[in-house]
Number of protein chains: 2
Amino acid sequence: MSERAYSAVPFADVRITSPFWRERLETVLDCTIPSQHAKLQECGILESLKLPQPPPPLRIPRNSHGLSTQIFWDSDVGKWIEAAAYALAHRRDADIEAKIDAIVDDLKRAQSPDGYLNCWYNGREPEKRWTNLRDNHELYNAGHLIEGAIAYFRATGRRKMLDIMERYVDHIAATFGRAPGQRRGYPGHQEIELALIKLYRLTGDRRRLDLAAYFIDERGQKPHYFTEEALKRGDDPASYWAGTYEYNQSHIPVREQTRMVGHAVRAMYMASAMADLALELADEGLKRACEALWRDVTNAQMYVTGGLGPKETNEGFTEPYDLPNETAYAETCASVALVFWAHRMLHLDLDGRYADVMELALYNGALTGLARDGTHYFYSNPLESRGQHKRWAWHVCPCCTMNVSRLVASVAGYAISAREDGVAFHLYGGFATTATLAGVKVALTETSAYPWSGEIRIAIDPEKPAAFDVKLRIPGWARNATAAVNGEAIELKPINGYATIRRLWCEGDAVTLDPEMPAERLYAHPNVRMDVGRAALRRGPLIYCVEEADNPGGPVQALALPRSSPLDAEWRTDLFGGAVTLRAPAKRLVPGKSDGALYSAEPPAARDAAMTALPYCLWANRAPGSMQVWIAEREG
Amino acid sequence: MSERAYSAVPFADVRITSPFWRERLETVLDCTIPSQHAKLQECGILESLKLPQPPPPLRIPRNSHGLSTQIFWDSDVGKWIEAAAYALAHRRDADIEAKIDAIVDDLKRAQSPDGYLNCWYNGREPEKRWTNLRDNHELYNAGHLIEGAIAYFRATGRRKMLDIMERYVDHIAATFGRAPGQRRGYPGHQEIELALIKLYRLTGDRRRLDLAAYFIDERGQKPHYFTEEALKRGDDPASYWAGTYEYNQSHIPVREQTRMVGHAVRAMYMASAMADLALELADEGLKRACEALWRDVTNAQMYVTGGLGPKETNEGFTEPYDLPNETAYAETCASVALVFWAHRMLHLDLDGRYADVMELALYNGALTGLARDGTHYFYSNPLESRGQHKRWAWHVCPCCTMNVSRLVASVAGYAISAREDGVAFHLYGGFATTATLAGVKVALTETSAYPWSGEIRIAIDPEKPAAFDVKLRIPGWARNATAAVNGEAIELKPINGYATIRRLWCEGDAVTLDPEMPAERLYAHPNVRMDVGRAALRRGPLIYCVEEADNPGGPVQALALPRSSPLDAEWRTDLFGGAVTLRAPAKRLVPGKSDGALYSAEPPAARDAAMTALPYCLWANRAPGSMQVWIAEREG
């Protein structure tokens, strides 16, 4: 916050021209959004909004902890509306709008006279509202519905849903807080904080910001709200099914947290809200807390794909360097939320470290969660598979489906930021916008075949000559980058990952930038015990993997890559409408003299094998087979 | 079964003189057996036998499947009696005998007038007996009580418990079978089959053998008993918590099984009973089924330690070559039971393949389950740990504790077999016995410092000169072995892993055998994806591991062993009363130029490190720390 901060140019103001993102976006518009609505219908989720009705039997039974994912169906609806609204910003669609309006009508009918709105509680156990914030997702549901309402209002100008949610927020604000008679509660699953900040940014209503700040700062205070709440319910707080309040990051106040713990999605939503609040409130303490958590995550707890949370049991973090590959949980939602967090950190400090992680999580950990057909998904994203990890058409907890669709539908919003005297490019990939810089309207048109190629051209067309900064992110993975203005080479002197070009820009000006995009090996810190003796492959923003479809002849885990083997990038038009693969002479280990014995004093023999690596985000779109990211390395 | 089979010399007829087993045995006698009784007392297990009493509250609550380990407490009692009785065969102990007699009195009181005996059902829900063989362990409990009764009778000649169990067996035999009015059931957890065969061998009562054969052959027949039984209970068979009858190996009839599946301990007990029946009934079909399963287990599903069952969820098998190290379940009981199975296979065919696996599982997978102090245990035996895997003093399911104590207390029973005209040595380690060979009483005294050294001497002292075979197992791990009779070198021509020396033996004769015991690397089949690029270390029958206590300076997983490094065996008197460690010049990977970054294009640097490897069976007896069996290998 040393200099005036850049603000993200909203996705709706950015056009996408690159084939890579264009194709993803159109798949989401054409296939994902409609098919998700059909799934919500089919699963009874939409039906569950139609109150009053006699409580139907539980479609999704309670688990052994007495919890059912059905209790957060409202959030799925909210997230779908948000994703669908983002799609509408690209292309209005009367059918989708009618579907949203029908849902909004149901929500209107479901809302209590006092503003409370939760279809589970209103339909099933109205007397129990606000009795279990720890487990039952009321505030989380509210958050997603609010985000949906904001997105729908922004896309269409229709404010019915927004009004419903404003009433609900008023009710929440009256219920929770530090004033006498209020409950000192906060969400078990963070999310509403992000929604409230968005609402503040939309309406300017400062009370929304204050409520978000309250939720963040109250978290983990003593006496512990979830303990008091459990006692009030007659439950033993010590028998909390998750075992520890680390699960939802309420073990200590958030400003004291320096290690990222517990459920990864909750953690990322919380950190995103903390970064937002640090910006809005110029709160240096919150910013420092964010930075400490950022260091912990990126230095010790993040997969090379930008995946987060190795463990299934808590859907979250374990301990530093514990990053198993085959059993990696690495929930799609967690990487989506890491994109959110990194984007917010970037607007606290324009530092390429944040943009690098944002890009990494976007292209790899998050995007992998959506199949190329737009209708199949990964919930968890392991870095190795023996062939059993397959995409599903839906999930008992469909959170990831709409998280990835809302991200893709709004991806352009992560590309460019601006302030009065400058524009900053974070992501490349054919993003174009018009911004007012130094008081002049400027058309900015970035053209590239990114992520396949690093050759980037940015046309800068001010309506009249104007002096302003053009800040170009020089990706951390680029060992070298060259640039030119109007064909004339310039020297790049990047500071914190951004090179600044300041000049009097005139219509027809163009900057070219070419960050070298060599294919290269990555090595993990030796404390990552799973990756000792292994290398991952990266080219530009993409992490690669070897998949059996490209490497027939047995499990890909038997491939070993000599350290001296060159990695050749190859443009393959036959794969997924065009993709760069990496090819390398490698070895395939086969039983040696041991004659197939399970163990032998004879080392396996090594046969020559041509290895082909595919971007990780494209795996599992063909016949199921083995896959791995961290490839055994051979010296020499 | 081509030639007359060898029979095991019972452990009670074998003296142990080697320091290795003598020390283990004495620890079990002095510490393990008494402390296990105290634990049975403390946990309420002994109290639960005291019927009639009002059913006390569940000490161990039912899990989400409605099951409680408390339902098989009878088996823990049976197994403790068996272990304690084996101890008595070494050393009578009035206190232990009084404790057993008190239990027997309780069992007598608990037995129903019709012979039925199950403390859970008789105390708690007598009307439900025999309604859930699939889950509720009645026949399993019976089996362990029978084995306890047999062992106690053999040790003391007291037959009260044996009589109780004979009555119960009569009741079981009347209840189950193919006659009209009988139930066509069989155990959900195999075990009683082994007990019935032992009972047959003790009493000669052929009905016991027939009942065992019935249980084995009925298993998996159609209509499926567990399905019919569930329907009778009003349960939906499709909602079986384990998901598949593979869990208890009843998915198809046993003779059709060629892949070892499901719960590993059940599988091993079943296979042991199948081998016993193949022998007793000269049943070639069962023998072939055993052989197919043996090939499957040893060629594709066994850890290098003789551990079985990688997965916690089913405590069992998954798929070929799926042998994760850190998350290995490898239950102690499963390796104990693999010793049982291998021992029985060996008596179907005197083939060193079986003895090799028996020895491997005994010294590594099984023995590791018991701490050197004799009062701490491992239930699961991973091949890698980051330091969190610690021994426990007891377990909610204490099955492994008494399985390992009964094995150690009877270990001498696996060493030697005999038939009329010969004796066969399978295990070495200071085992001595007297056998009647060719009609002459022969003292056989094997002396060695095995497993630390391969120098073995066998004194053969017949009362008068006699001609018979002395069969010496030449371990599969011995690349070379030399032998001499009375100091004169002889040529060993082993067939199927056994060298036969036939001569006229006279008092004072001695055979020396020296299987070379070099320290060496083992490699896994390349399909074992976890072990690609890694080597395990073996010396003689012992698998080694690197443990942090011997390799300070960070996680042992950062150690890399050059393929060319010599492995030096070193006798260490300072470790555990004497043990051979392996030392090798190795490398420790440390962050290179990457300055501690989680991922870097720079490979880690490799510092020289002296690596010390310890026998796996000795790990986790000092300060907790990281450990691994499969060490990253560097070429060159």
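Here is how names work: the chains are called A, B, and so on, in the same order as the sequence lines, proteins then strands, and each is numbered from 1. Computed from heavy atoms alone, side chains included, the values below leave out hydrogens, waters and symmetry copies.
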Top of [options] for chain B proximity - count of heavy-atom pairs under 4.5 angstrom:
options: A:A524, A:A632, A:P603, A:A605; result: A:P603
options: A:R386, A:Q628, A:E520; result: A:R386
options: A:A536, A:G533, A:S600; result: A:S600
options: A:N527, A:D322, A:V528; result: A:D322

Original post:
About how many Å separate CE of B:M530 and CD of A:Q557, when rounded to the nearest 0.5 Å?
Top reply: 8.0 Å
Original post:
To the nearest 0.5 Å, what is the distance between CG (A:D531) and CG (B:L598)?
Top reply: 9.0 Å
**OP:** Would you indicate whether B:R607, at its atom CZ, is surrounded by more than 12 heavy atoms from other residues, nucleotides or ligands within a distance under 6.0 Å?
**Re:**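 It does not: B:R607 CZ has 12 such atoms or fewer within range.
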Original post:
How about B:E312: does its CD atom have over 12 heavy atoms from other parts shown lying under 6.0 Å from it?
Top reply: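 Incorrect, the count does not exceed 12.
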So, for [X] and [Y], which heavy atoms are closest and what is the spacing to 0.1 Å?
X: A:H525; Y: B:A597; answer: CB-O, 3.7 Å
X: A:R529; Y: B:R534; answer: O-NH2, 3.8 Å
X: A:P526; Y: B:A558; answer: O-CB, 4.0 Å
X: B:W630; Y: A:Y599; answer: CZ2-CE2, 3.5 Å

Part of [X] lying under 4.5 Å from any heavy atom of chain B:
X: A:T327; result: neither
X: A:P555; result: side chain
X: A:A300; result: backbone
X: A:Q301; result: backbone
X: A:A560; result: neither
X: A:R588; result: neither

Original post:
B:V556, B:T298, B:V304, B:N63: which one forms the most heavy-atom pairs within less than 4.5 Å of chain A?
Top reply: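 Winner by heavy-atom pair count: B:V304.
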